[in-house]
Amino acid sequence: MKYLSSRGEAPVLSFSDVLLTGLAEDGGLYVPQEWPVLSPEAIRGFAGRPYPQVALEVLTPFVGQDISRADLKRMVDEAYGTFRHPAVAPLVQAGPRDFVLELFHGPTLAFKDVAMQLLARLMDHVLKERGQRATIVGATSGDTGGAAISAFAGSERTDVFILFPKGRVSPVQQRQMTTSGAVNVHAVALEGTFDDCQALVKAMFNDRRFRKASALSGVNSINWARIMAQIVYYFTAAASLGAPDRAVSFTVPTGNFGDIFAGYAAKRMGLPVERLVIATNDNDILERTLVSGRYEMRGVHATTSPSMDIEISSNFERLLFEASGRQAEEVRRLMAQIQQSRAFDVPAGTLAAIRAEFAAGRADEKEVAQTIGATLDASAYLLDPHSAIALNVARRQEGTEPMIALATAHPAKFPAAVKAACGIEPPLPPTHADLMERKESFDVLPNDLDAVERYIAERSRAVTLGAAA
Ligand SMILES: Cc1ncc(COP(=O)(O)O)c(C=O)c1O
Ligand SMILES: N[C@@H](CCOP(=O)(O)O)C(=O)O
């Protein structure tokens with residue numbers, strides 16, 4: 001399997017190269033050259049099978065010959081062995097038509113673990129084979145950072161630098177990033193928003209000299225392997241409800257568009273998905289785009305679902321590429337426009353293609369709190385604010401097919417918001433018992449590319465030892 005950039009001006013790469021490359025050299029995002037298609041029999045056979053077995057089948061065509069099946073199987077088994085639930089991603093019925101897909105049973109209590117636990121193993125494997133080291137940079141609105149730190153802590157071949165927006169993540173999220181104690185981990189509170197953090201990460205990748213000198217790699221969903229690993233749970237969930245003989249829909253709480261793009265990928269691979277519903281919080285740029293056809297930034301503001309306080313939705317670029325019929329030139333033009341004028345109009349054909357597959361809805365702060373309270377009253381089930389957005393928007397969709405709302409975080413990650421909504425403060429699981437007592441270690445940096453690059457260059461062992469050491 002080969003991969004090409006959404007902007008069409010970067011080298012075509014194999015899986016292992018895409019894994020280590022992160023952002024394409026032309027600033028674009030890698031997608032598979034063609035979508036592998038799974039047969040109806042294969043999909044039917046996923047029902048009731050252990051999650052790691054399904055993962056192996058879904059991932060193999062993307063990995064191709066780059067990693068042996070035995071090695072991939074070992075890494076998949078290890079990755080999903082870290083989850084607290086034997087099903088990894090269990091499905092819970094929440095109403096006659098509604099289901100909740102619980103994605104928060106991993107080490108850091110958010111869906112990011114599903115991909116990150118595998119990504120860390122894949123990267124270590126490829127780096128070891130090549131005798132290389134890497135400097136990993138990541139931007140987080142709260143969950144990617146903790147998941148990456150948990151997955152990479154202690155890794156001998158990587159140094160990990162995570163930028164989080166100062167004062168805009170929950171205390172649990174912050175402590176998951178700042179208390180690892182691992183020497184290869186550096187948590188940075190940036191004076192800015194998540195969009196600023198992500199812009200700095202992309203700027204570091206676009207700085208060729210710095211990128212080469214530090215052997216830069218990325219763990220955000222700019223990295224194709226993140227999306228790839230997230231495709232699996234769309235298959236397990238749908239197959240358990242009768243796919244491919246029955247179509248299902250998914251509602252996905254959306255920020256950077258990585259998770260829902262994984263659902264789109266599953267559909268391209270043959271999964272019968274009726275509709276993919278984008279659920280947003282008050283930062284509703286994607287919902288507005290679907291309605292008006294105009295992607296227009298208005299400034300991001302803090303909500304009780306901080307992980308979705310995002311306005312520059314990175315993976316929307318992958319969708320523009322696909323929905324335009326892979327017109328890289330169109331994607332380049334739109335991305336240049338957003339840089340210049342903070343807005344672009346989605347061309348008519350591309351918009352029609354998006355609207356044919358996606359719907360969108362928004363839940364405001366009042367609706368999020370109401371959904372948490374009402375769900376607890378009706379079924380003694382505690383939602384986190386992000387998952388509440390998904391369920392709220394899911395319930396407003398028409399249709400008769402099963403609707404699966406993705407529950408992306410454990411309620412204990414956001415205890416203040418959950419308590420304000422329903423009066424119950426969810427306790428952290430025993431794995432996190434001493435989290436709030438652990439000693440924190442992090443640095444505060446200004447929103448300044450030079451300052452961040454200097455900070456990384458001074459600390460990365462890939463820089464001091466040479467990328468191939
Ligand atoms: C808990 C939670 N829910 C939803 C999202 C949105 O997912 P995505 O950025 O893939 O759209 C995030 C952040 O990515 C998150 O951390
Ligand atoms: N919500 C995310 C934002 C980054 O998303 P990613 O999927 O691109 O890593 C977070 O929690 O950090």
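Order of appearance sets the numbers: ligands from 1, and atoms from 1 within every ligand. The structure displayed is predicted, hence computed values, not measured ones.
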Considering only N or O atoms, set out every pair between ligand 2 and the protein closer than 3.5 Å, with distances to one decimal place.
unit_1   : atom_1 : unit_2 : atom_2 : d
ligand 2 : 1 (N)  : Ser141 : OG     : 2.8
ligand 2 : 1 (N)  : Ser307 : O      : 2.9
ligand 2 : 5 (O)  : Lys112 : NZ     : 3.4
ligand 2 : 5 (O)  : Asn256 : ND2    : 3.4
ligand 2 : 7 (O)  : Lys112 : NZ     : 2.9
ligand 2 : 7 (O)  : Ser221 : OG     : 3.3
ligand 2 : 7 (O)  : Arg226 : NH2    : 2.8
ligand 2 : 8 (O)  : Ser221 : N      : 3.0
ligand 2 : 8 (O)  : Ser221 : OG     : 2.6
ligand 2 : 8 (O)  : Asn256 : ND2    : 2.8
ligand 2 : 9 (O)  : Thr144 : OG1    : 2.7
ligand 2 : 9 (O)  : Asn220 : ND2    : 2.8
ligand 2 : 9 (O)  : Arg226 : NH1    : 3.0
ligand 2 : 11 (O) : Ser141 : OG     : 3.4
ligand 2 : 11 (O) : Asp143 : N      : 2.7
ligand 2 : 11 (O) : Thr144 : N      : 3.1
ligand 2 : 12 (O) : Thr140 : OG1    : 2.6
ligand 2 : 12 (O) : Ser141 : N      : 2.8
ligand 2 : 12 (O) : Thr144 : N      : 3.2
ligand 2 : 12 (O) : Thr144 : OG1    : 3.2

Checklist entry - Name the residues in contact with ligand 1, where contact means a heavy atom under 4.0 Å away: which are they? => result Phe111, Lys112, Asp143, Pro253, Thr254, Gly255, Asn256, Phe257, Gly258, Asp259, Ser307, Met308, His386, Thr408, Ala409
Checklist entry - Per the side chain to side chain donor-acceptor pair (under 3.5 Å) rule, which among Glu401, Arg97, Glu274, Gln397 passes with Ser249? => result Glu401
Checklist entry - Do Asp282 and Thr303 meet the criterion of a side-chain donor-acceptor pair at a distance under 3.5 Å? => result no
Checklist entry - Looking just at side-chain N and O atoms, do Asn315 and Arg318 make a donor-acceptor pair shorter than 3.5 Å? => result yes
Checklist entry - Less than 4.0 Å between a side-chain N and a carboxylate O, is that true for Arg395 and Asp98? => result yes
Checklist entry - Does the His386 side chain pair with the main chain of Ser307, one donor and one acceptor, at a distance under 3.5 Å? => result yes
Checklist entry - Within a strict 4.5 Å, meaning less than it, do heavy atoms of the Leu91 and Ile404 side chains meet? => result yes
Item to check | Non-neighbouring partners of Asp364 that pass side chain to side chain donor-acceptor pair (under 3.5 Å), sequence neighbours left out | outcome: none
Next on the checklist: Check this for me: Gln339, atom CD, are more than 12 non-hydrogen atoms of other residues, nucleotides or ligands nearer than 6.0 Å?
Outcome noted: no
Checklist entry - Can you list the residues that meet the ring-ring contact (aromatic ring centres under 6.0 Å, His included) rule with Phe111, with sequence neighbours excluded? => result none
